[in-house]
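Just so you know, residue 1 is the first one in the sequence shown, and it goes up from there. Only a predicted model underlies this, so the values are computations on that prediction, with no experimental measurement involved.
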Amino acid sequence: MVDHSGWRVGVASAPVHHGEILQGVFTGDGGLTRGLVTLPCTIHATRATFIPAPGAEVTVTPDWKGKARRAAELAVRAVTPPGDELPGGHLDLTGDVPLCRGFGSSTSDVLAAIWAVKDAFVSPLPPQDVARIAVRAETASDSLMFEESTVLFAQREGTVIEDFGYPMPALRVLGFGSRPEGGGRGVDTLTLAPARYGQDEIDLFTRLQAMLREAIQMKDVALLGSVATTSTEINQRHLPIPDLDRIRDIARTTGAVGVQAAHSGDIAGLLFDRDDPEVEARTGLAQDLLQELGIHEQWNYTTGD
């Protein structure tokens with residue numbers, strides 16, 4: 001018999017990200033590996049409820065959220081003591097995360113599912129274990145489970161290439177849909193082939209990793225913005241942003257510290273120093289200039305609050 005005394009309805013909420021500050025190929029313990037550093041985002045979230053039940057079946061609503069269901073199954077196995085009968089349950093997901101845009105919708109689903117199971121069984125599940133479960137559930141995952149620190153994350157292995165030791169410096173992000181002709185439909189990430197990089201780009205990624213390490217440790221927002229801009233420029237060969245030259249002109253005109261992008265989506269952002277006394281005026285001017293460029297889908301938020 002399964003002991004139900006420790007069961008409860010598990011609830012959790014998972015954030016999204018706003019694409020990447022840096023994405024490329026880096027040197028890990030086993031040689032070169034793909035890695036990324038996500039930009040935190042506060043404008044969308046996924047909420048999950050997990051109701052444990054006897055029997056090993058896990059169901060999900062909506063029923064097409066197969067990655068989240070798989071994540072819940074794997075999480076149940078992870079929190080069930082060896083030798084105990086596996087329970088099942090029902091996972092319910094709600095939220096407002098746009099799909100295929102670069103907000104990490106599937107990782108948000110998967111993470112909310114894992115955390116809801118963790119809450120239901122009142123079980124410890126450290127971020128490293130959550131990361132491995134997330135990758136098994138969705139093949140490649142973002143690093144949203146690491147809430148206390150900025151990490152360079154191997155998205156296909158579920159391991160940390162480097163923990164930079166501190167949260168990212170606070171930013172004001174003016175986000176926008178970078179492909180207005182797409183009408184906000186996003187990018188089909190399932191058909192998007194992984195980028196192939198040349199040796200010069202791989203060498204540059206090593207330098208960008210060092211720059212980002214310094215930016216985070218010194219809370220240097222300008223250096224962080226330089227890393228993001230360079231990563232965006234490298235990605236132009238793989239998933240180009242229309243009018244990037246003019247967007248960079250807007251960044252220079254308004255005093256933005258950099259330009260960032262979703263490397264497998266259609267959202268991008270101008271980055272500003274959140275603590276700049278003129279940040280509101282700078283952001284407002286950038287909004288107007290993007291409108292003149294034909295980019296009308298915009299939003300803004302701050303990190304570090």
Is the backbone of Gln287 close enough, under 3.5 Å, to the side chain of Gln298 for a donor and an acceptor to pair up by distance?
yes
Side-chain ion pair, Glu280 and Arg172, N-O less than 4.0 Å:
yes
Of all heavy-atom pairs between His44 and Val16, which one has the smallest distance, and what is that distance?
O-CG2, 3.7 Å
Non-hydrogen atoms of Ala48 and Leu91 that approach each other most closely
CB-CD1, 4.0 Å
Could you pull out the closest heavy-atom pair between His238 and Pro240, with the gap in Å?
C-CD, 3.8 Å
CZ of Arg252: more than 12 outside heavy atoms within 6.0 angstrom?
yes
SB check Arg132 Asp129 (cutoff 4.0 Å):
yes
Determine the minimum heavy-atom distance between Ser264 and Leu239, stating which atoms define it.
CA-CD2, 4.0 Å
Smallest separation among heavy atoms of Leu144 and Pro15, with atom names
CD1-O, 3.3 Å
Below 4.5 Å, heavy atoms only, C-beta onward: do Pro40 and His18 meet side chain to side chain?
no
His17: which of Leu39, Asp142, Thr107 passes side chain to side chain contact (heavy atoms under 4.5 Å, CB included)
Asp142
Solution key, residues 49-64 side-chain donor-acceptor pairs under 3.5 Å, sequence neighbours excluded:
unit_1, atom_1, unit_2, atom_2, d
Thr59, OG1, His90, ND1, 2.6
Thr61, OG1, His90, NE2, 2.9

Mind checking whether His296 and Phe176 have ring centres under 6.0 Å apart?
no
Heavy-atom check, side chain of Ile241 versus side chain of Thr232, under 4.5 Å
yes
For atom CD of Glu148, decide whether the heavy atoms of other residues, nucleotides or ligands shown that lie under 6.0 angstrom number more than 12.
no
Which heavy atom of Ile161 sits nearest a heavy atom of Gly35, and at what distance?
CD1-CA, 3.9 Å
Please answer whether the main-chain N or O of Val259 pairs with a side-chain N or O of Thr229 as donor and acceptor at a distance below 3.5 Å.
yes
Sequence neighbours left out, what passes salt bridge (Lys or Arg N to Asp or Glu O under 4.0 Å) with Asp119? Give chain and number order.
Arg8
Under 4.0 Å between a side-chain nitrogen and a carboxylate oxygen: does that hold for Arg77 and Glu73?
no
Using 30° and 60° as the class boundaries, would you call the ring planes of Trp299 and Phe103 parallel, tilted or perpendicular?
tilted
Under 3.5 Å, which donor-acceptor pairs do the side chains of residues 218-226 form with other protein atoms, sequence neighbours left out?
unit_1, atom_1, unit_2, atom_2, d
Asp220, OD1, Ala222, N, 3.2
Asp220, OD1, Leu223, N, 3.0
Ser226, OG, Ala222, O, 3.2

Arg248 with Glu233: basic N within carboxylate O range, under 4.0 Å:
yes
